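Sequence lines set the chain letters: A, B, ... in the order given, protein chains first and strands last, and positions in each chain run from 1. The shown structure was predicted, so the numbers you read here are calculated from the model rather than taken from an experiment.
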Amino acid sequence: MWWFEVSSIFQKGQFFGTDFVFATSLFLFMLSILLVTGNQVSVRVESVQNEHEMRFGAFHAFQALTLSPGSPSHWNTFSSPLDVNALGLAIRSGVLDEAKIQRLADWNASYYIELKAVLGIPRYDFYLHVKDENLNVVSAVGALPDVNKTRVVLFRPVMVGSHKRWLELGVFK
Amino acid sequence: MNSKGFVITVDAMAAAFVLFSFLLAINQYYAQIQVRGWNDLELFRFSDSALGVLENSGELEYAVLSNQSTRIRSYLNDFPANVCAELLVYAQSDLNVPLLSVSKEGCSAEYDVRSTALHSTVVHYASDLNFFVAQLNGWYRK
């Protein structure tokens with residue numbers, strides 16, 4: 001009878017054999033490698049994306065500072081940055097207003113968070129340094145980063161009044 | 001038929017090797033991702049700003065009138081170590097041969113990407129207004 005044959009197959013069969021254990025182990029090993037690799041790729045892509053966002057913010061803040069007078073253009077006459085729409089230091093393209101730089105420095109202690117927001121980089125910290133031809137800092141705004149913090153630094157030659165200067169913007173998280 | 005078999009075969013080994021190679025290649029590829037586009041854009045902005053400084057400070061006019069490039073070379077030499085640059089000044093009447101050509105010292109013309117900023121500038125000489133085109137090329141040192 002056929003049910004006797006089936007019964008005998010089940011009784012003598014070896015379901016959990018060495019080859020099965022080996023194949024399962026190999027599969028799990030491969031799967032774990034795949035997951036680890038996938039995770040590394042994900043971390044790397046996220047890191048690049050974060051750096052991209054930071055550079056985007058830094059670049060546009062720097063552009064506004066060096067190329068525009070800000071909005072309104074006489075913002076340096078205000079008592080706080082709360083009514084300022086956009087910060088800009090330029091008298092004309094690449095030539096910066098010393099009075100506006102000084103105003104930023106004055107506001108730094110009391111309105112640092114507001115300055116970040118007006119610069120368009122509320123999620124990050126920043127520093128803005130004006131350096132002379134020997135790279136000595138002549139004016140500083142913002143906070144200094146820890147050594148280990150990820151940062152984007154932009155460096156550009158500018159004129160401040162009639163002086164040749166270097167402007168450095170560091171953005172960090 | 002009763003002896004125990006072993007499932008590792010050469011084709012299985014080859015398949016595992018290919019899979020590992022693919023995983024390694026993917027990992028290597030993603031590890032090399034960089035945000036390079038911003039560097040090129042920033043290089044252009046740097047070159048444009050530097051040319052603006054030379055123009056606004058009067059260095060460009062002085063160099064054209066005196067045919068002296070010492071001060072401009074000194075300025076280019078102060079650029080960050082990884083940035084190379086050369087300044088070319090053309091008379092508006094002849095844009096093929098530069099009147100003035102100054103390069104940063106220690107830089108060779110080897111680059112992947114070169115950024116070019118162009119400004120037209122007017123130089124007063126006697127009672128004449130002379131038009132010039134200043135070109136600043138910048139590139140990252142290799």
Side-chain angles (χ1 to χ4, degrees), chain A residues 14 17-23 26-27 29-30 33-45 47-56 58-59 62-63 66-67 90-96 131-135 152-168, chain B residues 2 4-9 12-13 15-20 22-59 71-72 74-83 85 117 119 136 138:
Chain A
Q14 189 179 28
T18 313
D19 51 350
F20 176 76
V21 172
F22 183 78
L26 190 63
F27 171 75
F29 177 68
M30 295 290 223
I33 293 284
L34 192 64
L35 289 174
V36 168
T37 306
N39 186 53
Q40 282 178 344
V41 168
S42 172
V43 167
R44 180 63 191 152
V45 168
S47 160
V48 169
Q49 180 66 23
N50 287 339
E51 187 188 339
H52 177 78
E53 284 178 15
M54 206 185 290
R55 278 188 179 273
F56 185 86
F59 183 82
F62 212 34
Q63 287 288 93
T66 54
L67 298 179
I91 298 171
R92 58 180 187 276
S93 178
V95 182
L96 307 188
K131 296 182 173 180
D132 64 14
E133 290 177 84
N134 298 317
L135 299 180
V152 169
V153 178
L154 302 179
F155 195 66
R156 219 174 271 178
V158 290
M159 296 285 291
V160 177
S162 58
H163 302 287
K164 280 187 273 186
R165 295 281 188 250
W166 297 96
L167 191 68
E168 181 177 317
Chain B
N2 289 331
K4 291 182 178 178
F6 203 63
V7 291
I8 293 182
T9 57
M13 294 282 282
F17 177 75
V18 169
L19 179 64
F20 273 123
F22 269 112
L23 291 176
L24 199 63
I26 290 168
N27 203 28
Q28 288 288 319
Y29 177 76
Y30 278 99
Q32 290 172 359
I33 290 178
Q34 292 177 359
V35 189
R36 289 197 59 189
W38 289 107
N39 290 341
D40 299 341
L41 192 56
E42 186 50 32
L43 181 62
F44 170 73
R45 293 303 325 162
F46 185 94
S47 304
D48 193 54
S49 292
L51 193 49
V53 168
L54 288 172
E55 199 177 352
N56 286 312
S57 64
E59 299 283 15
R71 281 154 59 169
I72 288 183
S74 169
Y75 184 65
L76 298 182
N77 288 343
D78 287 341
F79 281 10
N82 65 331
V83 176
H119 285 200
L136 188 78

Which answer fits B:Glu55, side chain, backbone, both or neither, if we ask what part of it has an atom under 4.5 Å from a heavy atom of chain A?
-> neither
Comparing A:Val41, A:Leu34, A:Thr37, A:Leu26 against chain B, the one with the most heavy-atom pairs below 4.5 Å turns out to be A:Val41
With chain A, the option among B:Leu41, B:Leu24, B:Val83, B:Asp48 that has the most non-hydrogen atom pairs under 4.5 Å is B:Leu41
Between the main-chain N or O of A:Gly38 and the side-chain N or O of A:Ser42, is there a donor-acceptor pair closer than 3.5 Å?
-> no
What do the steps show when you test A:Val152 against B:Trp38 for side-chain contact (heavy atoms from CB on, under 4.5 Å), and what is the final call?
-> CA-CA 11 Å; A:Val152 169; B:Trp38 289 107; over 6 Å; no
Heavy-atom pairs under 4.5 Å with chain B are the metric here; pick the option from A:Ser162, A:Pro157, A:Ala58 that has the most.
-> A:Pro157
Which word best sums up how the rings of B:Tyr75 and A:Trp166 line up, parallel for under 30°, tilted for 30 to 60°, or perpendicular for over 60°?
-> parallel
I would like to know whether B:Asp78 and A:Leu135 meet side-chain contact (heavy atoms from CB on, under 4.5 Å); could you show each step before the answer?
-> CA-CA 10 Å; B:Asp78 287 341; A:Leu135 299 180; over 6 Å; no
After noting the C-alpha distance and the side-chain angles of B:Glu42 and A:Arg156, does the key distance pass the side-chain contact (heavy atoms from CB on, under 4.5 Å) rule?
-> CA-CA 9 Å; B:Glu42 186 50 32; A:Arg156 219 174 271 178; 2.8 Å; yes
Measuring heavy-atom distances to chain B, does A:Val158 have an atom under 4.5 Å in its side chain, in its backbone, in both, or in neither?
-> backbone
Between chain A and each of B:Gly58, B:Gly52, B:Ala50, count heavy-atom pairs under 4.5 Å; write down the option with the most.
-> B:Ala50
Check: B:Val53 main-chain N/O paired with B:Ser57 side-chain donor or acceptor under 3.5 Å = yes
Most heavy-atom pairs under 4.5 Å with chain B, out of A:Glu133, A:Met159, A:Arg92, belong to A:Met159
Honestly, the part of A:Leu67 sitting under 4.5 Å from a heavy atom of chain B is side chain
Could you walk me through whether A:Ile33 and B:Phe20 pass side-chain contact (heavy atoms from CB on, under 4.5 Å), step by step?
-> CA-CA 9 Å; A:Ile33 293 284; B:Phe20 273 123; 4.0 Å; yes
Pick one of side chain, backbone, both or neither for A:Phe155, based on which atoms fall under 4.5 Å of a heavy atom in chain B.
-> both
